[in-house]
Amino acid sequence: MKTDQEKRAFLKKVLDGTIAGSLYLVMPMAGLAMGNNTKDHASRKAPLEKLPEQVPGIRGKTYDILDQEFAFVVDITRCIGCGSCCVADKREYNVPDDNYRTWVERYVKGFSDQVYVDAPNGGLDGYQTPRLDIDELIRDTFFVPKLCNMCKEAPCVQVCPVGATFTTPDGFVLVDHERCVGCAYCIQACPYSVRYIHPTTKTVDKCTWCYHRVRKGLLPACVDVCPTGARKFGSLRDESSEVYQILKGPGVLTVLKKEMGTWPALYYKGARREVV
Amino acid sequence: MGLSYKMRLLILALGIGIATTGGLFIKSLLKPESFGVYGPYRAAAIDEEAQIPIRHATNVSCYSCHPYEAKIHKAGLHKTISCEFCHGPWADHVAGSKKVGTLPVKKDGEITTLCLRCHNTEITARPHEVIKTVAMPGHLESQKVKLTHNCNQCHHVHAPLKYINRAKQITESAEKAL
């Protein structure tokens with residue numbers, strides 16, 4: 001069996017058709033040794049090393065969880081409601097139908113100051129038709145992407161009776177799926193309605209700002225796929241990051257439901273006062 | 001009862017001691033290993049979350065095996081669009097360095113629906129300085145093409161103005177030559 005595999009590997013290298021390949025014919029042993037160290041090894045590498053480092057300062061060193069801070073900025077003035085983020089999010093986590101970790105709402109404001117909000121299928125299919133049920137002149141209309149606010153004073157963490165949801169030292173609110181008993185207190189506590197019970201695991205699930213991607217130096221999936229740069233994510237320990245510059249700058253940023261004292265790490269740019 | 005005051009006190013102290021030790025022992029059995037490292041939760045859950053494999057691998061991974069599409073996509077106005085949005089996630093296509101599945105390619109009417117997801121003028125919530133939108137079928141009429149045309153019959157899906165600009169160049173040079 002082992003010899004078979006070796007033969008196979010050797011033939012593969014010969015058939016590569018390169019000059020090196022024909023050299024292997026002459027010097028099979030040297031070729032094998034070389035091949036093991038170079039080409040073959042490289043092709044088996046995890047793709048991570050080939051991917052761009054979108055969140056700098058994480059890869060290639062031990063992650064100091066106690067000295068990290070991140071922020072998410074949603075620029076409403078750039079959101080076109082394409083739903084790329086929703087699609088990417090659903091695919092990244094295989095989110096079951098009718099549950100949403102992130103979604104895009106459409107706000108329509110009439111001259112009577114009445115506000116109409118809808119989000120057909122969470123924006124997963126995009127917005128193909130205008131709202132025809134509004135019987136007044138429209139004053140303002142825009143899209144608002146929603147996701148976990150990563151509160152610094154998270155109500156969901158406070159109510160969890162089993163310590164299954166928690167704020168990590170680097171500022172992410174995560175769920176421990178081993179400990180969660182599915183009591184759904186956190187779903188009721190969350191002012192932003194970002195939590196749901198996963199129909200298969202029966203534990204609670206929510207947006208994590210793609211913690212697994214961030215720890216690999218990658219942007220959250222929704223940020224990576226956003227074609228207009230409406231979603232921005234970055235480290236506040238990195239002064240060159242876009243979010244650091246935005247947060248430091250003079251632009252007006254708002255958070256959702258500020259009066260609840262949740263201190264979100266998710267900021268909105270261009271959010272009208274009607275956005276909740 | 002012939003027990004002295006001191007004896008009763010001792011029994012009480014022993015009882016409390018046994019109950020406390022027993023309680024602490026049971027607690028140590030029930031408490032997950034990394035509980036309480038950073039707070040009242042299982043610290044190992046953080047690493048478990050961090051180790052979930054990624055399913056979207058950015059446009060760079062797509063470009064590495066599809067240089068022809070990459071060249072066109074990177075040069076066009078659609079360069080900020082994620083390959084994976086239209087075609088599906090990388091993880092459904094590649095595992096390690098092996099191809100494990102074929103990603104769908106949108107066809108005919110699907111393409112027009114996909115284009116109008118972003119480029120439909122009727123959706124007024126779209127900031128028009130961010131995206132160029134068209135009205136259908138007005139656009140087809142003004143361009144004097146059949147109303148059954150799909151977007152990709154004039155526009156290259158990966159670089160929408162590729163053919164349009166080329167056609168303009170040809171007609172301009174033809175006019176100059178006259």
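Below, chain A is the first sequence line, B the second, and so on; all start at residue 1.
Around OH of B:Y63, the count of heavy atoms belonging to other residues, nucleotides or ligands within 6.0 Å exceeds 12. Counting heavy atoms of neighbouring residues, nucleotides and ligands inside a 6.0 Å radius, atom NZ of A:K152 exceeds 12 of them. Within a 6.0 Å radius of CD in B:E129, other residues, nucleotides and ligands contribute more than 12 heavy atoms.
Ion pairing of B:E84 with A:R91 is absent here, as no side-chain N (NZ or NE/NH1/NH2) approaches a carboxylate O to less than 4.0 Å. Ion pairing between a basic and an acidic side chain is recognised when a charged N comes within 4.0 Å of a carboxylate O; A:R101 and A:E92 show no such pairing.
A centroid separation of 6.0 Å or more is found between the aromatic rings of A:F166 and B:Y38. Between A:F70 and A:W209, the ring center distance fails the sub-6.0 Å criterion.
Between B:P127 and A:R78, every side-chain heavy-atom pair lies at or beyond the 4.5 Å cut-off.
Proximity to chain B (any heavy atom under 4.5 Å) is shown, for A:V214, by neither the backbone nor the side chain. When heavy atoms are compared at a cutoff of 4.5 Å, B:E49 approaches chain A by way of both its backbone and its side chain. For A:T77, the part sitting under 4.5 Å from any heavy atom of chain B is the backbone (N, CA, C, O) and nothing else. Heavy atoms of A:I138 lying under 4.5 Å from chain B are absent altogether. Interface residue B:F85: backbone and side-chain heavy atoms are both found under 4.5 Å from chain A. There is no contact between A:C85 and chain B, counting heavy-atom distances below 4.5 Å. With a 4.5 angstrom heavy-atom cutoff, B:P89 touches chain A via backbone and side-chain atoms both. Contacts between A:C210 and chain B at a heavy-atom distance below 4.5 Å are absent for every atom of the residue. Contacts between A:I80 and chain B at a heavy-atom distance below 4.5 Å involve backbone atoms as well as side-chain atoms. Proximity to chain B is limited to the side chain of A:L66, based on heavy atoms less than 4.5 angstrom apart. Residue contact with chain A, scored on non-hydrogen atoms closer than 4.5 Å, is absent for B:S64. With a threshold of 4.5 angstrom between heavy atoms, A:T167 approaches chain B through N, CA, C or O but not through any side-chain atom. In this structure, chain B has no heavy atom under 4.5 Å from any part of A:D140.
Between chain B and the options A:L174, A:D125, A:L219, heavy-atom pairs under 4.5 Å are most frequent for A:D125. With chain A as the partner, the residue from B:N59, B:L116, B:V130, B:T133 showing the most heavy-atom pairs under 4.5 Å is B:V130. Chain A forms more heavy-atom pairs under 4.5 Å with one residue of B:A44, B:P40, B:A50, B:P32 than with any other, namely B:A50. By number of non-hydrogen pairs under 4.5 angstrom with chain B, the leading residue of A:Q128, A:H177, A:R131 is A:Q128. For the options A:T168, A:I76, A:V162, heavy-atom pairs under 4.5 Å to chain B are most numerous at A:T168. Annotation: maximal heavy-atom pairing with chain A below 4.5 Å, among B:C83, B:C86, B:A91, B:G88, occurs at B:G88. Contact tally against chain B (heavy-atom pairs below 4.5 Å) for A:G126, A:G81, A:C226, A:A164: the top residue is A:G126.
Looking at A:R272, its side chain does come within 3.5 Å of a backbone N or O of A:G270 through a donor-acceptor pair. Under the 3.5 Å distance criterion, the side-chain polar atoms of B:R42 are left unmatched by any main-chain donor or acceptor of B:S34.
Below 30°, between 30° and 60°, or above 60°: for B:H155 and B:H139 the angle between ring planes is below 30°, a parallel geometry.
Taking CD of B:Q51 as the reference point, atom CZ of A:R215 lies at 8.0 Å (rounded to 0.5 Å).
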